[in-house]
Amino acid sequence: MSDTTRLTRFEAARVVARRDFHAILFSRAFLFFLLGPLFPILIGALAGGIGGQVQRDATTRLVAVVMSEADAEAMTEARARLAPQIGRALPELAISRSSAPPEEILRETGRNYAAVVTGTLDAPEITAPQEAIAIWSGPIAMIAAHADASEVQAYPAVAARPVATSRAAERSDRIRTAQAGQLILFLLMMLLAGMVLSNLVEEKANKVIEVLAAAIPMDAVLLGKLVAMLGVSFVGIAVWAVAGGAIGLLAGNALPQLPEPALGWPLFVAFGIAYFAMGYLLLGSLFLTIGGMAATVREVQTLSMPVTMAQLLVFFLAASSITRPGSPIELFSAVFPLSSPFAMLARAAQSEALWPHALALAWQALCVFAFVRVGATIFRRRVMKSGKAGRAVKGHVGGAKPA
């Protein structure tokens with residue numbers, strides 16, 4: 001008599017996914033998990049702002065001019081004439097009336113001079129640390145040459161013919177967008193994929209996973225857990241995106257603006273979501289396999305370290321191929337399952353072709369199912385040691401022995 005009430009694999013996976021999704025989403029630990037990444041971002045933003053301000057305050061472009069009165073005035077006038085043409089490449093000049101040696105002028109309290117210029121217009125001398133001499137020697141020589149000129153040179157007007165962009169600038173801009181997309185994808189995957197491992201270890205400890213595996217196929221259990229963790233990850237990303245959007249609105253133009261990718265922002269974001277899902281499922285299936293092989297939490301941590309390091313390597317592989325589209329290394333990173341999401345997201349920023357993405361997503365989905373099947377097989381062999389006994393019981397209805 002056939003069992004018509006038995007769930008199919010996909011129905012069983014859906015039941016497991018719904019159970020895990022609700023159990024994690026409405027737990028107090030998940031709330032703290034959502035808040036966790038916001039604190040480093042806030043601290044990093046504050047530290048970056050403070051560090052930038054400190055760096056700006058510590059860096060000075062002020063140069064003291066200790067020359068005769070006529071030469072010093074000529075230097076400042078020449079600097080004023082050159083400034084509209086050259087801008088911040090020139091130092092700020094301050095005439096010093098001090099009779100102290102240049103070394104002592106550099107150490108004067110409250111002055112913060114980067115260098116001291118002495119001598120004459122024909123033979124200026126710079127007293128400063130070697131790094132400052134290398135920076136300001138050329139600009140000081142230019143100012144002195146213009147100050148010593150018998151007549152003021154007139155600069156020709158430069159006709160401006162602006163264009164929207166150039167091929168080189170467009171390629172450079174898209175590479176920046178590709179790098180940013182890869183980095184965000186990598187950080188999200190490494191931050192969120194660990195939930196899969198911790199969830200499986202917890203259920204192995206309290207034998208819940210063995211109860212599920214006895215009731216439904218093991219690959220359905222693993223696939224359901226992956227889908228549930230992916231749904232929870234999307235909730236976390238949505239919360240962080242809202243917080244990031246609020247920070248962006250408050251910061252305005254202070255934040256760096258990424259150039260538009262080749263496919264446009266809507267398609268690029270859509271592919272980013274799709275490649276995050278595929279990358280998360282691929283990495284999560286590996287973590288589930290590791291959880292199936294490990295007997296204790298310590299073993300899980302030991303076995304997960306090589307996978308994490310390998311993920312860093314595949315990220316570097318994909319990142320190194322950004323500037324070489326179509327090269328063998330870029331094609332390999334696009335085909336290799338673990339690096340494929342990173343490489344294809346970079347291609348979405350640089351190329352307008354759509355068919356490679358359809359092919360890559362289909363290939364990644366196939367690899368996800370293959371990884372899940374392998375992980376389920378390993379789990380049954382390493383954990384479900386009562387598998388043969390369970391199959392024997394299934395054939396003995398009511399305790400009757402087979403003929």
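Along the sequence shown, residues carry numbers from 1. Atom set for the values below is all heavy atoms of this structure, side chains included, hydrogens, waters and symmetry mates excluded.
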Check whether [X] reaches the backbone of [Y] with its side chain - one donor and one acceptor, N or O, closer than 3.5 Å.
{"X": "R81", "Y": "H146", "result": "yes"}
{"X": "S351", "Y": "A348", "result": "no"}
{"X": "S321", "Y": "R324", "result": "no"}
{"X": "W136", "Y": "A115", "result": "no"}

**OP:** Please step through side-chain contact (heavy atoms from CB on, under 4.5 Å) for the pair H357 and Y275, ending with a clear verdict.
**Re:** CA-CA 9 Å; H357 300 285; Y275 286 128; 2.8 Å; yes
**OP:** Tell me, with the steps shown, if R107 and Y113 meet side-chain contact (heavy atoms from CB on, under 4.5 Å).
**Re:** CA-CA 8 Å; R107 292 192 291 267; Y113 291 128; over 6 Å; no
Original post:
So, are R79 and E92 salt-bridged, with charged N and O less than 4.0 Å apart?
Top reply: yes
Kindly compute the distance separating [atom1] ([X]) from [atom2] ([Y]), expressed to the nearest 0.5 Å.
{"X": "F268", "Y": "L263", "atom1": "CZ", "atom2": "CG", "result": "8.5 Å"}
{"X": "T118", "Y": "D71", "atom1": "OG1", "atom2": "CG", "result": "11.5 Å"}
{"X": "F371", "Y": "L286", "atom1": "CZ", "atom2": "CG", "result": "5.5 Å"}
{"X": "Q182", "Y": "I322", "atom1": "CD", "atom2": "CD1", "result": "3.5 Å"}
{"X": "I184", "Y": "Q179", "atom1": "CD1", "atom2": "CD", "result": "12.0 Å"}
{"X": "L185", "Y": "F342", "atom1": "CG", "atom2": "CZ", "result": "5.0 Å"}

Shortest non-hydrogen separation from [X] to [Y] and the atoms involved:
{"X": "G326", "Y": "L331", "value": "O-CD1, 3.9 Å"}
{"X": "A144", "Y": "L121", "value": "CB-O, 3.8 Å"}
{"X": "D20", "Y": "A228", "value": "CB-CB, 3.5 Å"}
{"X": "V117", "Y": "M75", "value": "CG1-CE, 4.5 Å"}
{"X": "L188", "Y": "I237", "value": "CD1-CD1, 4.0 Å"}
{"X": "A147", "Y": "A78", "value": "N-CB, 3.6 Å"}

Pairwise side-chain contact, [X] with [Y], heavy-atom cut-off 4.5 Å (strictly under):
{"X": "P261", "Y": "Q350", "value": "no"}
{"X": "T377", "Y": "D219", "value": "no"}
{"X": "M189", "Y": "Q311", "value": "yes"}
{"X": "V116", "Y": "E125", "value": "no"}
{"X": "V314", "Y": "S333", "value": "no"}
{"X": "R347", "Y": "P356", "value": "yes"}
{"X": "C367", "Y": "L281", "value": "no"}
{"X": "F271", "Y": "M344", "value": "no"}

Subject >> Output field: ring centroids F276/F234 closer than 6.0 Å >> reply: yes
**OP:** Begin from the C-alpha positions of V66 and S98 and carry the test side-chain contact (heavy atoms from CB on, under 4.5 Å) through to its verdict.
**Re:** CA-CA 7 Å; V66 184; S98 175; 5.9 Å; no
**OP:** Tell me, with the steps shown, if M142 and L82 meet side-chain contact (heavy atoms from CB on, under 4.5 Å).
**Re:** CA-CA 9 Å; M142 182 185 299; L82 289 170; 4.0 Å; yes
**OP:** Evaluate the ring planes of F186 and F315, with Trp represented by its six-membered ring, and classify them as parallel (under 30°), tilted (30 to 60°) or perpendicular (over 60°).
**Re:** parallel
